[in-house]
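Let me begin by presenting the structure, written as C-alpha cells, before commenting on it.
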Number of protein chains: 4
Amino acid sequence: MPKDQRVPEQDASGAPARTLRADAQRNRTRILEAAETVFAAKGPSASTEEIAQKAGVGIGTVFRHFPTKESLLKAIMHAVAVRLAEEARALAAEGDPATALFTFFTRTVEQAAEQKTVVDLLAQAGIPVTVAKPVLALREAVEVLVGKAQQAGAVRPDVRVPEIMALLIGVCQASLHTPWEPDLRARTLAIVFAGLRPACVTG
Amino acid sequence: MPKDQRVPEQDASGAPARTLRADAQRNRTRILEAAETVFAAKGPSASTEEIAQKAGVGIGTVFRHFPTKESLLKAIMHAVAVRLAEEARALAAEGDPATALFTFFTRTVEQAAEQKTVVDLLAQAGIPVTVAKPVLALREAVEVLVGKAQQAGAVRPDVRVPEIMALLIGVCQASLHTPWEPDLRARTLAIVFAGLRPACVTG
Amino acid sequence: MPKDQRVPEQDASGAPARTLRADAQRNRTRILEAAETVFAAKGPSASTEEIAQKAGVGIGTVFRHFPTKESLLKAIMHAVAVRLAEEARALAAEGDPATALFTFFTRTVEQAAEQKTVVDLLAQAGIPVTVAKPVLALREAVEVLVGKAQQAGAVRPDVRVPEIMALLIGVCQASLHTPWEPDLRARTLAIVFAGLRPACVTG
Amino acid sequence: MPKDQRVPEQDASGAPARTLRADAQRNRTRILEAAETVFAAKGPSASTEEIAQKAGVGIGTVFRHFPTKESLLKAIMHAVAVRLAEEARALAAEGDPATALFTFFTRTVEQAAEQKTVVDLLAQAGIPVTVAKPVLALREAVEVLVGKAQQAGAVRPDVRVPEIMALLIGVCQASLHTPWEPDLRARTLAIVFAGLRPACVTG
DNA sequence: CATGAATGAGCATTCATTCAT
DNA sequence: AATGAATGAATGCTCATTCAT
C-alpha cells in the first residue's frame, strides 16, 4: 500500500529495522533526543509523558515508535553503545596504540560525568554475556584497544578485558556521584592507568 | 500503670534525638532492619508497604517513625555509614598500616556486591562536602587509613583521599552490575592497588 | 485520464447511497469481509487497526468508508441481516412449509455458534420496532415462515412472531456460552420445537 | 498486630475469606452494590473509576478490596450465583414439585430483564465444567428442581439438565435485548414450558 | 502509640479518530 | 483516494502519605 518515498536508514543512530516517512523519522529522532536528555537527568524512572512533552509530541506518538518504555530505554542504550564503539574503533585505527586505550577510557569517563545514560549503558555492558548486539560490538572494540595496548607494552599482559570494563564502569559510575573538582578525575584515572602499566622492580 | 520506662537513645544507630517508649524503640529497630534487607535486595524503589510487612508492623507505624520514605532511606544510609566507619577505625587501630587500607577497600567491595545499600551510601559519601555527620565520620576514618598507609610506604604520598573514595565508590558500583566471576573482583582490585602503590623506576 | 468509471451501488450489501470508484468499492468490500471475520472472532471490542490490517488497507481508509467504528459494525449487521433474510425467503419459497421454519431456526443457531456477529445482529433484531431496513426485512421473512408453518399445522396458531424471535435470539446467545456437546444443541432445539407444535389432548 | 474487634463473615454475600474492620466491611458492600448497578447498566466494560465514584470511595479503595477489575466482576458473579442458588433451593424445599422449576425459571428471567449481571452470570454457568464453587452450587440446585419436576411428571423424563440451563441462559439473554411488551415474556416461557412437558398422543 | 483502611496523584499503555503527506 | 503518523482522552493499576479507629 505504500506510495511514499522511503528514506534509507542511517543505522549509526541505533535506529529501527524499518524505513519511515520523513516526518516520522524526524519525530523519532526528537523523541530519542528528548529521552536521552530526560533519562540522563532523572534516571530511567522519568515519566514517558515528560519525554513526550520535551519532544513536543503527543504521548501516543512515543508509544507508536517505542511500544514500551523499556524499548525506548533500550533504543537509547543502543545509540550510546554504537557511539562509544565507534569512538573505540576510530582510536584503534588511527591513534597511538600505547595511549589509545587510555584516551578512550578518559573520554568515556568525561562523557559519563554528563550523561547518566552512558553509565547506565556501561552497567549493561558489564562482564557477563550480554545479548544486545551493539553492546557486544562495544566490548569487542575495547578488546582490540586492550590488545594493541598490551602489544605496545603500555598495559601489563596479564590484564584481561573484564577487569578493564569493570574499572571503566566503576569510574563512570563514580563520576555521577562526584562533582569532580577540577582535576580529581585526572588523579583518579592516573591511579587506574598506573595500575594497568607494567610494573618495574617493585621491591 | 506505667509500662512506660523511657529509654535513652543509643545514638550509634543513627537515631532521632528523642527518647522512646521501649516498644517504640523495638519497632524502630525492626523497621530499620527490614528496610535494610528490602532495600538491599530491591533498591530504593522497593515499596514501603513491603518493608512494613517484613518488619511485622503496620504501614502507619513506619510513617510514624520515618515521616517520609526518603527519611527512612537516609536513616539506613547513616547506619551503614556508621558500620563502615567502625570497620575503618578498627582496622586503623589494630591492623597492619601497610595493608589496612587495602583490607578495608576489599571488604567494602565485598559487602557492596551483596548490599545495594552500601553502594547507595557510598554514592552519597562522594567527594563533595557531605553534610550528614555519619558520612563525614566515615570519610575521616578513611583519611586515617590512607595516612597510615602512606606513612608505611604502601601508598604513594601524592595520592589524596578524594580519588580513593572515588575508586571505592566506582568499584562498588561496578560490582553491582558485574556478576564477578570467581576472581574478577580480585583482579580488578589488584589493578587499583597496584596503581596506588609507589612506582619504582618508571622512566 | 479517467480510470474513474462510476459503478452503481449494489444495495444488497448494505452499502451507502453513493457511487464509488472501482478500487474504492473493492476496498469497501475487503474491509467488510475483514471486519466480519475479526468481529466474529473477537466480538465488537476488536480494534479497528486490526481490521485494517487484515483488510490490507490503512487505518485511514477504514475511517473514510465508515466514519465511526459503530457505523462499521452496523454495516456488518446489515449484511448479516440480508443474508439471513435471504435464507428465510429461500426456505419459504422452496421448502416444505411444515418444516421450513424449523430448518431456518436450526441453521441460524448453527451459524451463531460460530459467528458472534449473527448473535449480535439478532440481539438488535429484537422485538421492538427496529428501524434499520434490513432487519425489518428479516423479520418479515420470518413472519412468512411462521405463517406457512401455522397453515401447515406445524406450529400452534396462537404463537406469534415476537416470541419466536425471542427464542431464536435466546438459543443463539446461549450457543455462544455453551460449548454444545455433540447433540446438546439438538436436544435444546427439540424442546423449543415441541413447545411450538400443536398440543394434543393436554388434559 | 491486630488489636481490633473482628467481624464474622456472613458468607452468603459472596464475601472474601478475610475478616474486616467494620468500616472496611461497609465500604466493601458499597463497592459491590455500586459495581452491580454499574455493570448491570453498562456491561463489564464500565470503568472502575465510575464504580468508585458511585460507591463514594476513592479509586484506591476499590483496588484495595478487589486487586483486579476481574476480581471485582467475579465477586459480583458469585454474589448473584449464591442468590439464585438460594432461590432454587428454597423452591425445591417448599414449593410444589410440579411447578417449582417453572417458577424458578420465570423468576430468574424476570430478574435478568433488569440485571445484566444475572445474565452474565448465567453465561458462565453454561454447560461445561465450571470451576467456581457458587456456580456449581447453582447448577446442583437446578438439578434437584429438574429431578423433582420429572418425578412429579411435569417434565419429560428424557430431558437433561444441560439443555434446561441452555434455555434458561437463552431466554435470559433474549430478555436483555427485548423490551418485553406486556406478556411477551409469558408467551415465550409458555412455549418453553410446553416443550418441556410430557407429550401426549402427538399423531 | 499502633493499625491498616482510605486516598488520589501518577504512570504505562490502548485505541478511536484526525490530518498532513 | 489512500496512507499511516499523530493525537490525547481514557483505563487499569501502584504507592507514598494521611487519618479514623
Side-chain angles (χ1 to χ4, degrees), chain A residues 1-5 20-28 45-50 52 56-70 72, chain B residues 3-4 20-21 23-24 27 45-53 56-70 72, chain C residues 3-4 20-24 27 45-53 56-70 72, chain D residues 1-5 20-28 45-52 56-70 72:
Chain A
M1 300 132 259
K3 101 179 161 197
D4 31 290
Q5 337 77 288
L20 292 173
R21 247 167 48 182
D23 55 342
Q25 182 60 271
R26 197 164 45 248
N27 270 344
R28 185 174 213 279
S45 70
S47 95
T48 314
E49 189 101 28
E50 186 182 348
V57 303
I59 242 284
T61 306
V62 175
F63 277 90
R64 162 173 276 265
H65 284 278
F66 304 95
T68 280
K69 192 190 181 182
E70 199 183 318
L72 176 53
Chain B
K3 77 171 175 189
D4 212 352
L20 294 173
R21 259 172 35 188
D23 56 343
N27 271 346
S45 71
S47 95
T48 316
E49 190 101 28
E50 185 182 349
I51 292 168
Q53 205 157 9
V57 303
I59 263 269
T61 308
V62 174
F63 275 89
R64 164 170 284 270
H65 283 281
F66 305 94
T68 278
K69 192 190 183 181
E70 200 184 315
L72 175 53
Chain C
K3 78 173 176 188
D4 213 351
L20 292 174
R21 258 171 37 185
D23 56 343
N27 273 345
S45 71
S47 95
T48 317
E49 189 101 28
E50 185 181 349
I51 291 168
Q53 205 157 10
V57 302
I59 263 270
T61 308
V62 175
F63 276 88
R64 164 171 283 269
H65 284 280
F66 306 94
T68 278
K69 192 188 182 181
E70 200 183 317
L72 175 54
Chain D
M1 298 131 260
K3 103 182 161 193
D4 31 290
Q5 336 76 289
L20 292 174
R21 246 164 53 181
D23 56 343
Q25 183 60 272
R26 196 164 47 248
N27 271 344
R28 184 172 213 279
S45 71
S47 95
T48 315
E49 188 100 29
E50 186 181 348
I51 291 168
V57 303
I59 241 283
T61 306
V62 174
F63 277 91
R64 163 172 275 266
H65 284 278
F66 305 94
T68 281
K69 192 189 180 182
E70 199 183 317
L72 175 53

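Remember, predicted model here, so these are calculated numbers, not experimental data. To find a chain, count down the sequence lines: A is the first, B the second, and so on, and within it residues start at 1.
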What is the distance from [atom1] of [X] to [atom2] of [N], rounded to the nearest Å?
X: D:Ile51; N: F:dT11; atom1: CD1; atom2: C1'; result: 12 Å
X: D:Gln25; N: E:dG4; atom1: CD; atom2: P; result: 17 Å
X: A:Phe66; N: F:dA5; atom1: CZ; atom2: P; result: 13 Å
X: A:Asn27; N: F:dG8; atom1: CG; atom2: P; result: 12 Å
X: B:Gln53; N: F:dC15; atom1: CD; atom2: P; result: 13 Å
X: B:Leu72; N: F:dC15; atom1: CG; atom2: C1'; result: 15 Å

Would you give the length of the straight line joining atom CZ of D:Arg26 to atom CG of D:Asp23, rounded to the nearest 0.5 angstrom?
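Spacing of CZ (D:Arg26) from CG (D:Asp23) equals 6.0 Å.
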How many angstroms lie between CZ in D:Arg64 and CZ in D:Arg28, if you round to the nearest 0.5 Å?
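Going from CZ on D:Arg64 over to CZ on D:Arg28, the span is 13.0 Å.
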Looking at the side chain of D:Arg64, which of E:dG4, F:dA6, E:dC1 is the nearest nucleotide?
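Looking only at side-chain atoms, D:Arg64 lies closest to E:dG4.
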Counting side-chain heavy atoms from C-beta on, which of F:dA6, F:dC15, E:dA12 comes nearest to A:Ser47?
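Closest of the options to the side chain of A:Ser47: E:dA12.
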Output yes when at least one side-chain N/O atom of D:His65 is less than 4.0 Å from OP1 or OP2 of E:dA6, else no.
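The answer is yes; a side-chain N or O of D:His65 sits under 4.0 Å from OP1 or OP2.
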Which part of the nucleic acid does B:Thr61 contact within heavy-atom distance under 4.0 Å: base, sugar-phosphate only, or nothing?
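It contacts base atoms.
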Over all strands shown, is D:Ala46 touching base, sugar-phosphate only, or nothing at heavy-atom distances under 4.0 angstrom?
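Sugar-phosphate: the residue D:Ala46, judged by heavy atoms under 4.0 Å, touches backbone atoms but no base.
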Step-by-step side-chain contact (heavy atoms from CB on, under 4.5 Å) determination, D:Leu72 to D:Ile51
CA-CA 10 Å; D:Leu72 175 53; D:Ile51 291 168; 4.1 Å; yes
Would you mind reporting whether C:Thr48 and C:Phe63 have side-chain heavy atoms less than 4.5 Å apart?
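When only atoms from C-beta onward are counted, C:Thr48 and C:Phe63 do touch, with a gap below 4.5 Å.
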Taking N or O atoms only and anything under 3.5 Å, show me the protein contacts with nucleotides 17-20 of chain E, one pair per line.
unit_1 : atom_1 : unit_2  : atom_2 : d
E:dT17 : OP2    : C:Lys69 : N      : 2.9

Report the stems of DNA chain E as range-with-range entries sorted by first number; a stem here is at least three consecutive pairs, Watson-Crick or G-U wobble, both distances under 3.5 Å, and write none if there are none.
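DNA chain E forms these stems: E:2-21 with F:2-21.
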Quick one: list whatever passes side-chain contact (heavy atoms from CB on, under 4.5 Å) with A:Glu49, sequence neighbours left out.
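Partners of A:Glu49 under the side-chain contact (heavy atoms from CB on, under 4.5 Å) test: A:Ser47, A:Ile59.
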Salt bridge (charged side-chain N to carboxylate O under 4.0 Å, His left out) involving C:Glu50 - partner list, sequence neighbours excluded:
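Residues passing salt bridge (charged side-chain N to carboxylate O under 4.0 Å, His left out) with C:Glu50: C:Lys42.
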